[in-house]
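By convention here, the first residue in the shown sequence is residue 1. Predicted model only: the values in this text are computed from it and were never measured.
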Amino acid sequence: MVRLSTVLSNIALLTTLSTVLPFNVKPSLAPKNIHIFHKSCHDRSCLGMTNDADVAVLSDKDTKESTTSLQFVGSFTHKSEPAPLPGNGKDINDFFSQKEKSRVLLEGSGGNLVAPIENPTSVIRQRWEKEAKFMGSAPPSSDDNMYMVTTTGVKFPGIKMNSIATIGTKLILSGDYPEYQATMAMDETKPEGLRPLVWIVNKLTGASKEKSAEDQTTHAFTRVSAEVSNGEVIFKAESNLVVDLKFPSFLLKILPASKEKVEEQGSEALQKALEKDVVPMINNFREEYIKYLL
């Protein structure tokens with residue numbers, strides 16, 4: 001839900017960090033032509049460098065310093081165009097209750113591969129419960145559905161981010177009108193590309209190690225509901241995303257701006273990503289509703 005390739009996974013994080021993964025060191029810290037890479041990269045070619053630029057090597061010792069954090073926050077609400085109320089024995093609750101309609105939301109604007117998780121383990125359920133508490137969504141029950149969503153990946157200069165997100169979906173029919181809730185229980189990010197950039201991304205996201213609930217850095221929750229007014233129905237999406245990164249303090253040296261500025265720019269990027277992805281998602285959902293009426 002909410003184009004998971006950029007929002008419900010660390011792909012969203014890397015979208016915000018397109019300026020946080022520079023090829024060059026901050027000018028205030030080193031000459032303009034100095035490039036950073038980890039000592040596991042044994043030659044300059046792995047940076048794609050063809051000139052004689054000097055190279056700064058980050059040793060294993062650098063990676064053992066104290067940690068710091070960056071936090072990015074995004075929130076976006078969007079309403080669809082009005083649509084007719086159902087007739088001929090059909091109703092909005094019935095439309096929301098059709099299992100495949102939640103898959104439409106998870107597919108976002110297209111490109112995501114959505115697969116149901118049959119008999120999810122207690123660990124996955126517990127992760128969902130913890131994330132629901134953190135984001136303020138309803139806790140899972142035994143009859144709620146979970147999905148694994150694989151994205152097509154997002155490309156940046158020198159690196160591609162692939163993501164697999166585990167999403168829990170819940171249908172709530174207790175109010176005046178129905179709503180879906182989608183909470184990301186856990187995610188896995190796999191960077192591919194230039195080794196120094198993969199190393200930096202792994203340090204920032206912890207992508208190179210198995211994550212526990214305590215390691216979860218991306219927290220996402222989307223609510224899609226129906227509102228009825230003047231004889232018409234409107235579909236409303238409310239999306240919230242929090243990315244909380246902890247990483248070695250020495251990486252602050254390669255940020256292109258101050259920690260506060262990077263957080264501000266990252267949050268703005270998250271906001272734009274939400275705006276870009278929520279609109280087509282809710283439009284696709286409305287189109288499915290129109291087909292349901294026929």
Checklist line | Side-chain donor-acceptor contact under 3.5 Å, D94 with Y292 | finding: yes

Next item on the list: Determine whether more than 12 heavy atoms belonging to other residues, nucleotides or ligands lie under 6.0 Å from atom CD of E288.
Entry: yes

Next item on the list: Flag yes if I172 and V224 sit in one hydrophobic cluster, no otherwise; membership is Ile, Leu, Val, Met, Phe, Trp, Tyr, and two members link when side-chain heavy atoms are under 4.5 Å apart.
Entry: no

Next item on the list: Mark yes when over 12 heavy atoms from residues, nucleotides or ligands other than K101 sit less than 6.0 Å from its NZ; otherwise mark no.
Entry: yes

Note to self: Using a strict threshold of under 4.0 Å (side-chain N to carboxylate O), is an ion pair present between E227 and K79?
What the structure shows: yes

Check: Without hydrogens or angle criteria, can the side chains of E179 and Q181 be said to hold a donor-acceptor pair below 3.5 Å?
Finding: yes

Next item on the list: Show your working on side-chain contact (heavy atoms from CB on, under 4.5 Å) between R286 and E81 and close with a plain yes or no.
Entry: CA-CA 8 Å; R286 181 184 181 277; E81 292 294 321; 3.9 Å; yes

Checklist line | Minimum heavy-atom distance between E129 and P140, given as atom pair plus value | finding: CA-CD, 3.8 Å

Next item on the list: Apply the test side-chain contact (heavy atoms from CB on, under 4.5 Å) to residues T222 and T183: give CA-CA distance (whole Å), side-chain angles for both, the deciding distance (0.1 Å), then the verdict.
Entry: CA-CA 7 Å; T222 293; T183 305; over 6 Å; no

Check: For the side chain to side chain contact (heavy atoms under 4.5 Å, CB included) test, which of M148, R127, R125 pairs with P120?
Finding: R125

Margin query: When you group the ILVMFWY residues by side-chain heavy-atom contacts below 4.5 Å and let the links chain together, are V123 and W128 in the same group?
Written below: no

Notebook entry, point to check: Do K90's NZ or CZ and the ring of F95 fall within the cation-pi criteria of under 6.0 Å and 45°?
Noted result: no

Notebook entry, point to check: Do the ring centers of Y180 and F235 come within less than 6.0 Å of each other?
Noted result: no

Notebook entry, point to check: Distance only, no hydrogens: is a donor on one side chain within 3.5 Å (strictly under) of an acceptor on the other, for N240 and S75?
Noted result: yes

Check: Between S141 and D144, is any side-chain donor less than 3.5 angstrom from a side-chain acceptor?
Finding: yes

Next item on the list: In plain terms, say whether K291 and E287 are close enough for a salt bridge, that is, a side-chain N and a carboxylate O under 4.0 Å apart.
Entry: no

Check: Has K261 got more than 12 heavy atoms of other residues, nucleotides or ligands less than 6.0 Å from its NZ?
Finding: no

Item checked: Side-chain donor-acceptor pair present, S102, T169, cut-off under 3.5 Å -> no

Check: Side chain of E232, backbone of A83: donor and acceptor closer than 3.5 Å?
Finding: no

